[in-house]
Amino acid sequence: HEDEMISVVGCTEVKNMVTAMNEILAKAQVLENSRQEFVSNVSHELKTPMTSMKVLADSLLQQGETVPAELYREFMNDIVAEIDRENVIISDLLSLVKLDKKAAKLEISSVNINELLEMIMKRLKPIAGQRNIELILESFRPVTAEIDEVKLTLALSNLIENAIKYNQDDGWVRVSLNADHKYFYVKVADSGVGIPEDCQGQVFERFYRVDKARSRETGGTGLGLAITKNAVLVHNGEIKLYSKEGEGTTFTVRIPLKYQA
Ligand code: ADP
């Protein structure tokens with residue numbers, strides 16, 4: 001009878017172990033799939049400008065000396081634009097790698113967030129001005145927080161840049177800053193195109209774009225929100241989005257005032 005008890009206990013333990021192993025294997029498979037997908041996306045994104053450059057350069061070569069000066073200049077300009085794009089993708093990828101939760105080394109200092117937002121918005125004003133988009137900053141109180149200034153600047157700039165990029169002419173972008181005793185809150189609201197509900201879960205994924213053409217047209221790589229989310233997470237913060245297609249988008253960011261490793 002005792003033997004039977006042992007075998008019953010043993011059997012349950014083995015079953016639990018098998019279940020646990022299967023769970024670990026399933027998680028490893030998910031990670032592996034996402035790694036493969038990432039590598040394939042990176043290759044695709046980097047190959048696209050490369051392919052255009054090759055076509056343009058080949059065409060110039062084929063025409064040799066006979067190529068009209070006008071056409072030569074046009075093709076060369078296109079090649080330079082593709083090289084610029086390649087550079088943007090690579091620098092976004094590097095930012096993303098640096099913001100990997102395990103690898104991220106934060107340079108924490110005490111930063112005046114009101115001034116940080118003013119600085120970001122001043123820098124983006126000319127871009128907004130081109131399409132007569134109004135940039136509004138509402139600071140409800142003075143906020144000083146312990147953050148990595150470079151990484152958080154990147155995160156917030158991306159949000160405000162997107163709010164301009166995916167807006168309509170003569171629209172507005174409202175950035176507001178508030179705080180309580182524990183956190184500060186930045187809200188970036190826009191009067192733009194909005195994000196369809198079924199895409200809202202994916203926009204933080206690397207290389208995901210709702211409208212590929214519009215994103216590419218405006219120099220987007222599909223990495224901006226992935227960078228922003230990682231930068232917020234390494235600060236132990238939180239980011240959420242509210243949007244309705246055609247009715248604008250609001251991103252809210254919550255970051256602890258004091259950083260804890
Ligand atoms: P991209 O480089 O394409 O801008 P992001 O990662 O910054 O990439 O954003 C992913 C996608 O989310 C964008 O391609 C766009 O479709 C959508 N998106 C981001 N921000 C906004 C916004 N404020 N309004 C509408 N759509 C947005």
### Task
Would you please test Lys151 and Leu106 for side-chain contact (heavy atoms from CB on, under 4.5 Å) and show each step?
CA-CA 8 Å; Lys151 295 191 170 70; Leu106 297 187; 3.6 Å; yes
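How far CD of Glu45 is from CD of Glu86: 10.0 Å, rounded to the nearest 0.5 Å. From Leu99, atom CG reaches atom CG of Leu233 across 10.0 Å, with rounding to the nearest 0.5 Å. Atoms NZ and OG1, from Lys187 and Thr252 in turn, are 8.0 Å apart once rounded to the nearest 0.5 Å. Taken to the nearest 0.5 Å, the NZ atom of Lys98 stands 13.5 Å off from the CG atom of Asn230. For the atom pair Ile113 CD1 and Thr144 OG1, the distance stands at 7.5 Å (nearest 0.5 Å). With rounding to the nearest 0.5 angstrom, the CD1 atom of Ile120 is 14.5 Å from the NZ atom of Lys125.
Residues Asp169 and Asn132 have side chains that never bring a donor and an acceptor to within less than 3.5 angstrom of each other. Counted by atom type alone, Asp58 and Gln62 present zero donor-acceptor pairs between their side chains at under 3.5 Å. For the residue pair Asp148 and Tyr259, no side-chain donor N or O sits within less than 3.5 Å of a side-chain acceptor on the partner. Side chains of Ser52 and Asp78: a donor-acceptor N/O pair is absent below 3.5 angstrom, by distance only.
Using modelled atom types, one side-chain atom of Arg131 and one backbone atom of Ile164 make a donor-acceptor pair closer than 3.5 Å. Using a distance-only test at 3.5 Å, with no hydrogens or angles considered, a donor-acceptor pair links the side chain of Thr228 to the main chain of Gly224. Between the Asn114 side chain and the Ser139 main chain, no donor and acceptor come within less than 3.5 Å of each other. Using a distance-only test at 3.5 Å, with no hydrogens or angles considered, no donor-acceptor pair links the side chain of Asp190 to the main chain of Asn167. Of the possible donor and acceptor atoms, one in the side chain of Ser243 sits under 3.5 Å from a partner among the backbone N and O of Ile195. A donor-acceptor distance shorter than 3.5 angstrom exists from the side chain of Asn236 to the backbone of Gln260, with no hydrogens or angles considered. With Asn178 contributing its side chain and Phe140 its backbone, the two residues share no donor-acceptor pair below 3.5 Å.
Ion pairing between Lys105 and Glu107 fails under the 4.0 Å rule for side-chain N and carboxylate O. Between Arg85 and Glu82 there is no salt bridge, since none of the side-chain N atoms of the basic residue sits less than 4.0 Å from a carboxylate O of the acidic one.
For Lys229, the NZ atom is loosely surrounded, since the number of other residues' heavy atoms within 6.0 Å does not exceed 12. Annotation for Glu70: atom CD does not count as buried by contact number, only 12 or fewer foreign heavy atoms lying within 6.0 Å. Within 6.0 Å of CE on Met119 lie more than 12 heavy atoms contributed by other residues, nucleotides or ligands.
A chain of hydrophobic side-chain contacts below 4.5 Å, direct or via other Ile, Leu, Val, Met, Phe, Trp or Tyr residues, connects Val210 to Ile239. In the hydrophobic cluster analysis, where Ile, Leu, Val, Met, Phe, Trp and Tyr join through side-chain heavy atoms closer than 4.5 angstrom, Met121 is grouped together with Val173. Both Val253 and Leu116 are assigned to one and the same hydrophobic cluster, defined by single-linkage of ILVMFWY side chains at heavy-atom distances under 4.5 Å. Tyr185 and Leu257 are assigned to two separate hydrophobic clusters, defined by single-linkage of ILVMFWY side chains at heavy-atom distances under 4.5 Å. In terms of hydrophobic clustering, with Ile, Leu, Val, Met, Phe, Trp and Tyr side chains grouped at heavy-atom distances under 4.5 Å, Ile83 and Leu60 are assigned to a common cluster.
Closest non-hydrogen pair, Gln200 versus Leu241, comes out as O-CD2, 3.7 Å.
For the pair Phe207/Phe38, a side-chain contact is recorded, criterion being any heavy-atom separation below 4.5 Å from C-beta on. Counting only heavy atoms from C-beta outward, the side chains of Asp92 and Ile227 approach each other to under 4.5 Å.
Remark: Arg254 qualifies as a cation-pi partner of Tyr183 under the 6.0 Å distance and 45° angle criteria applied to the six-membered ring.
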